[in-house]
2 protein chains.
Amino acid sequence: MTLRQSLPPVLRQISVRAAMDVLLQEGPTSRATLAKKTGLSKQTMSEVIRALEESGWVRVNGIVSGKVGRSAITYEVAEDSGYAVGVDLGATTIRIAVVSISGSIVHESEHPTGGRAGEALIGHMHDLVEKCLHRAGIPFEKVLLGAVATPGVVDPVSGHLALAPNMAETGSLDVVRRLGEALGCEVVIENDVNAAALGETWKGCSAGLETAAFIALGTGIGLGMLVNGKLVKGARGAAGEISYLPFGADPYREDSLERGALESAIGAQGIVSRYRAAGGGEADTRQILEAAEAGEEPALSVIRETARLAALLIVSVDAMTDPEKIVLGGNVGRHPFLLSLIRAELPRLTRRMISLEPSALGPRATLIGAIAIALNQLHNALFSPQELPSEMRLPQARD
Amino acid sequence: MTLRQSLPPVLRQISVRAAMDVLLQEGPTSRATLAKKTGLSKQTMSEVIRALEESGWVRVNGIVSGKVGRSAITYEVAEDSGYAVGVDLGATTIRIAVVSISGSIVHESEHPTGGRAGEALIGHMHDLVEKCLHRAGIPFEKVLLGAVATPGVVDPVSGHLALAPNMAETGSLDVVRRLGEALGCEVVIENDVNAAALGETWKGCSAGLETAAFIALGTGIGLGMLVNGKLVKGARGAAGEISYLPFGADPYREDSLERGALESAIGAQGIVSRYRAAGGGEADTRQILEAAEAGEEPALSVIRETARLAALLIVSVDAMTDPEKIVLGGNVGRHPFLLSLIRAELPRLTRRMISLEPSALGPRATLIGAIAIALNQLHNALFSPQELPSEMRLPQARD
DNA sequence: ATTTATGTTCGGCACCTTGACGAACTATAA
DNA sequence: TTATAGTTCGTCAAGGTGCCGAACATAAAT
């Protein structure tokens, strides 16, 4: 079931890649049109398809007739030839999705963490993934790649979790290795907000854009960015850690150094405690948002201030990276009332037109992003020539 | 003298690219070692080199003997086979460099703008470029690409100048077309700070890094970023417009909307007027910096505050994009006293290790960056297969 | 029957590789 | 000094792979 038999038949790999690309993008296609779209000759395409069919990645889809001329045999990516698993490993919820190699979601489910952490959490996730695969009727061997999205900083070199604020013990454990052993395939890990950014750019409201940002406002706050179609991860995987932007609260305070100035202002905890300080009593962010929308006073000004600070954040993101669109997500960020307040605030802070929208995928954004990562990685591993740095490097400075 | 005779013999192009890449990176090389480094066979390499030699891009460099075995003929990129021109079109200074295709600088010079602007400025630049080429003894036909770096927002779609704060009239004029006509070749344009970021990453103190940031503090303030080795330009070319970050001054003020809150605080004008307001009288930033270093009081606190705000900026950049290194440039930013103040301030604002360094190229950073852009573009145009999107896209969302 | 589009067969070409070999040079020992 | 061994460079010849264009067979609508 493997495609590359020996080493570089580079040219064929390029052709295979081109064919798969069209098949994945546009669904069932005949060899003739495939040839047109890729620019390859018809009979090269026949050979490519034959190889793909023999190795099982592609199968006959049907016969298209009704148009003038000979009816065409269309081919499609064989759904059941391989699967990827995406996991959104959150603080309170684990979401799991199984996706076929062609990109359709076969199974999606949501489970409470039940307060588990560390080793117990990883074990639980492991059990859940197994259960999902079983329920979807997919044998383990068919799972070719896994992606886990989780809060925390992911080391871009090792791919391991370096710092997981909301999952205290988990940090040191090797999530990747554990799940990899269980699934018997490669597993990659990514920051949850980065994944969400990618998710929205795949199937959400920033779909198809090359340059987009996703801001999550919730328990924690975070930023995910795509530049030139790729995630911005940062040298140490800490890109998008906007908690530490130096406004919203006094950046010199101990608390700001610890949790971040901005997060202590507009993170969930910050909102709750500002509400309490304003005499609003005990309430969670949802309740405060609802009270604010109803016009109740301590809540309204707390949320107003939250919106004001969020607007500052948005203006900052826009100034630094000029995304085509900024998507607001997270439990707090998604709330329409907050969004309307932020939208009203923006023109007071900038003359630029900022395209701001609420997450279209809602709580699923991170999960969809995890799937996207897994799928993309899988497609590249299977169908892309491995070594081809097509851009030239700058000449070595030798003077 | 052109390489691609007809349509894509893709495979050969890949081989040519590989050979040129090694020759450019490592200088004179024999065919045998070239074969080893590229992984191609000696035979193929001989053919590739023959083609490159016949078309004039490569020539014999010499004979290496003294080692065991037959002595080798080494080949090198033919310096005089093509040139690129880089221009730093600043507000007060025009810098021009001519660089050979192999990356060595043939001619570099600096000229005052003499207060010219708009059409007059462009004409002047044009004359200067001609003069430089003449002085360097390079015929026009040998110039294959030009790159202009200039303040202002460069539209990534059209490549044209959209907004040039320090060159009022110039904005509407078509710099690219004018110089292109004069030189008879393609000309690209880029923001000056972006170019400087690239320059430092080519030959400066962030050399070789994939992820780096350059902050220019001077007449204006700006940020250039490289992520995954590529410039971050933004959807509308406005990435790095940190003037508009909402701190340093009240972001709601009319002035902040116009010129940007942060720029009105730590841009040259802002520093000068804060100094004046503190009773320091008339002085330019250089004088204020010197006075501050000498410990004179109104200057010292003005510069202290500038350093404090610059530190906030640096922490913001670090939080958002986590670069491996942040380089400080510009007339103000390069000053060692300011740098030491900023370095002292950083630990009070963050626990992260931020690698901050002064520009190694100084006022040449933008020019070197312009050269880098021109060279890279040229190499890709000449020696890289044109159509090869090696990364696979995500499948179209079809559900 | 004509037209039009699909898919296959065939001949040819471009490119790459392998293995063998001659050329050129150093090192070493008689 | 001279011969011999060992190493590396570069070329030649043979063989394979993959691509293309053209011609052709196939199949369906008009």
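The chains referred to below are lettered A, B, ... by the order of the sequence lines, with proteins before strands, and numbering in each begins at 1. Just so you know, these numbers come straight off a predicted model, no measurement behind them.
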Under a 4.0 Å threshold between the charged nitrogen and the carboxylate oxygen, would B/R59 count as salt-bridged to B/E79? no
Between P on D/dG18 and CD on B/Q13, what's the gap in Å once rounded to a whole number? 20 Å
Starting at atom NZ of B/K67, determine the distance to atom P of D/dG10, rounded to an integer number of angstrom. 11 Å
Determine, for nucleotides 6-14 of chain C in 5'-to-3' order, which nucleotides have protein heavy atoms under 4.0 Å from the base (write B), from only the sugar-phosphate (write S), or from neither (write -). BBSBB----
Quick check for you: among D/dG6, D/dA28, C/dC16, whose closest atom lies nearest to any side-chain atom of B/S15? C/dC16
Does the distance from a Lys or Arg side-chain N to an Asp or Glu carboxylate O, for A/D21 and A/K37, drop under 4.0 Å? no
Using whole Å, what does the distance between atom P of nucleotide D/dC19 and atom CD1 of A/I49 come to? 13 Å
When you measure from the side-chain N and O atoms of A/S41 to the phosphate of D/dG21, is any distance below 4.0 Å, counting only OP1 and OP2? no
Would you mind reading off the distance between B/L34 atom CG and D/dT8 atom P, rounded to a whole angstrom? 18 Å
Determine, for A/E54 against A/R50, whether the closest basic-nitrogen to carboxylate-oxygen distance falls under 4.0 angstrom. no
Contacts of type side chain to side chain donor-acceptor pair (under 3.5 Å), residue A/E108, not counting sequence neighbours: A/R364
Those residues that, when tested against A/E210, pass side chain to side chain donor-acceptor pair (under 3.5 Å) (two or more places apart): none
May I ask you to check whether B/Q43 and B/S41 show a side-chain donor-acceptor distance below 3.5 Å? no
How do A/I63 and A/G39 order along DNA chain D: which one's closest nucleotide is nearer the 5' end? A/G39
Output the rounded distance in Å from CD (B/E47) to C1' (C/dT17). 11 Å
Can you check the A/L11 CG to C/dC15 C1' distance for me, whole Å? 9 Å
